[in-house]
Novice: 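Let me give you the structure first, and then I'll get to my questions.
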Amino acid sequence: MHTRSAADGSDVLSELPGELMMWVLITSELLVFGAALLACLSVRIADPGRFAADQALLDQGAGAINTIVLVTSGLCAAVAVRAREAERRKAARLWLLAAGSLGVVFLIVKAFEYASKASLGIDIETSPFFTFYYLITGFHALHVVAGLIVLGLVAWADSVRNMEAAAAFWHLVDLVWVLLFPIIYVLR
């Protein structure tokens, strides 16, 4: 397979920040989440009234807080990469710590949301909406956990290339939530 070359003759794929396999993973994960969201929207068409009634039981405020938390966390990860590129390793690690800490905040808010639903007797089998809600947001929460592990590993093995790859994965986590929030919490 031939790839286009950059102006200096190097392989275009080598110009991606981080590692190629991380981009393969990111692309595959976006396809999985995209398929899940399309399935959710398709089922919604079958019973929009019930879907909207169930959706009204969600805490939009918590979803909005988590959106702000993850977008801010993504900014911290990007700043960490820039700090590492400038050879400011300690600052880069602190920015990664900030990104990871906000990831933990996201998980805590999500845990409170799940507990709130459980206290109302709402679980994965309550309705098609809540099946999608728990599956999609739970799968996303697993990605947040994986991202936290990656950020921790990269804080230890902090090459620029590693930080770029970790930040790219963390931005996947951000992007997916930015797509999930309006579809799951807002779109009526």
Side-chain angles (χ1 to χ4, degrees), residues 16-37 40 58-118 123-124 132-185:
L16 286 172
E19 298 291 331
L20 175 61
M21 290 312 296
M22 182 59 76
W23 287 102
V24 170
L25 173 69
I26 288 169
T27 301
S28 67
E29 294 300 314
L30 285 173
L31 291 172
V32 169
F33 276 107
L37 288 173
C40 179
L58 296 182
D59 183 348
Q60 284 186 342
I65 288 168
N66 266 347
T67 302
I68 293 165
V69 164
L70 278 186
V71 169
T72 304
S73 180
L75 174 63
C76 292
V79 173
V81 171
R82 297 298 168 245
R84 183 60 184 91
E85 288 171 341
E87 297 296 327
R88 296 175 31 239
R89 293 175 81 176
K90 182 178 180 182
R93 287 179 172 142
L94 288 173
W95 283 109
L96 284 179
L97 177 64
S101 296
L102 288 168
V104 170
V105 168
F106 174 91
L107 292 173
I108 291 168
V109 171
K110 183 54 56 197
F112 277 111
E113 276 190 275
Y114 287 161
S116 170
K117 298 299 155 271
D123 63 23
I124 197 167
F132 280 109
Y133 169 77
Y134 282 110
L135 288 177
I136 295 171
T137 62
F139 190 52
H140 179 264
L142 289 175
H143 281 75
V144 173
V145 171
L148 292 172
I149 293 167
V150 169
L151 291 176
L153 290 171
V154 168
W156 175 65
D158 69 338
S159 71
V160 171
R161 197 117 169 116
N162 286 348
M163 280 208 185
E164 288 173 338
F169 184 81
W170 199 246
H171 292 315
L172 160 74
V173 171
D174 298 342
L175 174 62
V176 167
W177 185 259
V178 167
L179 296 173
L180 290 179
F181 174 63
I183 292 172
I184 300 290
Y185 287 81

Novice: Using 0.5 Å steps for rounding, measure from the SG atom of C40 to the CG atom of L135.
Specialist: 10.0 Å
Novice: Can you list every pair that meets ring pair (Phe, Tyr, Trp, His ring centres under 6.0 Å) and has a residue in residues 75-103, with sequence neighbours left out?
Specialist: none
Novice: Applying side-chain contact (heavy atoms from CB on, under 4.5 Å), can you list everything that pairs with D59, at least two apart in sequence or on another chain?
Specialist: A62
Novice: Please round to the nearest 0.5 Å and tell me the distance separating atom CG of L180 and atom CZ of F132.
Specialist: 12.5 Å
Novice: Applying salt bridge (Lys or Arg N to Asp or Glu O under 4.0 Å), can you list everything that pairs with R88, at least two apart in sequence or on another chain?
Specialist: none
Novice: Scan residues 141-157 for pairs that pass salt bridge (charged side-chain N to carboxylate O under 4.0 Å, His left out), counting only residues two or more places apart or in two chains.
Specialist: none
Novice: Tell me, do L70 and N66 make a side-chain contact under 4.5 Å, heavy atoms counted?
Specialist: no
Novice: Could you state the interatomic distance from CD (Q60) to OG1 (T67), rounded to the nearest 0.5 Å?
Specialist: 10.5 Å
Novice: Mind listing the closest non-hydrogen atom pair of A98 and C76 along with its distance?
Specialist: CB-SG, 3.9 Å
Novice: Got a sec, which residues hit ring pair (Phe, Tyr, Trp, His ring centres under 6.0 Å) with Y185, two or more places apart in sequence or on another chain?
Specialist: W177, F181
Novice: Would you tabulate the side-chain donor-acceptor contacts of residues 166-176 under 3.5 Å, counting partners in other chains and residues two or more places apart, or write 'none'?
Specialist:
unit_1	atom_1	unit_2	atom_2	d
W170	NE1	S73	OG	2.5
H171	ND1	D174	OD2	3.3

Novice: Checking S28 now: which residues fulfil side-chain contact (heavy atoms from CB on, under 4.5 Å) with it, not counting sequence neighbours?
Specialist: L25
Novice: Does V109 form a side chain to side chain contact (heavy atoms under 4.5 Å, CB included) with V69? I'd like the steps, not just the answer.
Specialist: CA-CA 10 Å; V109 171; V69 164; 5.8 Å; no
Novice: State which residues pass ring pair (Phe, Tyr, Trp, His ring centres under 6.0 Å) with H143; sequence neighbours excluded, sorted by chain then number.
Specialist: F33, F139
Novice: Not counting sequence neighbours, which residues clear salt bridge (Lys or Arg N to Asp or Glu O under 4.0 Å) with K110? List them please.
Specialist: E113
Novice: The criterion is side-chain contact (heavy atoms from CB on, under 4.5 Å); which residues satisfy it with R82, sequence neighbours excluded?
Specialist: E85
Novice: If you compare all heavy atoms of V178 against all heavy atoms of P182, which two are closest, and at what distance to 0.1 Å?
Specialist: O-CD, 2.9 Å
Novice: Output yes when a side-chain donor or acceptor of S116 lies under 3.5 Å from a complementary backbone atom of F112, and no otherwise.
Specialist: no
Novice: Is there side-chain contact between M163 and L96, with heavy atoms separated by less than 4.5 Å?
Specialist: yes
Novice: Only pairs at least two apart or in different chains count here, so list each salt bridge (charged side-chain N to carboxylate O under 4.0 Å, His left out) that has a residue in residues 95-108.
Specialist: none
Novice: Rounded to the nearest 0.5 Å, how far does CG of L97 lie from CG of L102?
Specialist: 9.5 Å
Novice: Could you tell me whether the side chain of L37 reaches within less than 4.5 Å of the side chain of L179, counting heavy atoms only?
Specialist: yes
Novice: Among residues at least two apart in sequence or on other chains, which ones pass side-chain contact (heavy atoms from CB on, under 4.5 Å) with L107?
Specialist: A141, V144, V145, L148
Novice: For the atom pair OG1 (T137) and NZ (K117), what is the distance rounded to the nearest 0.5 Å?
Specialist: 10.5 Å
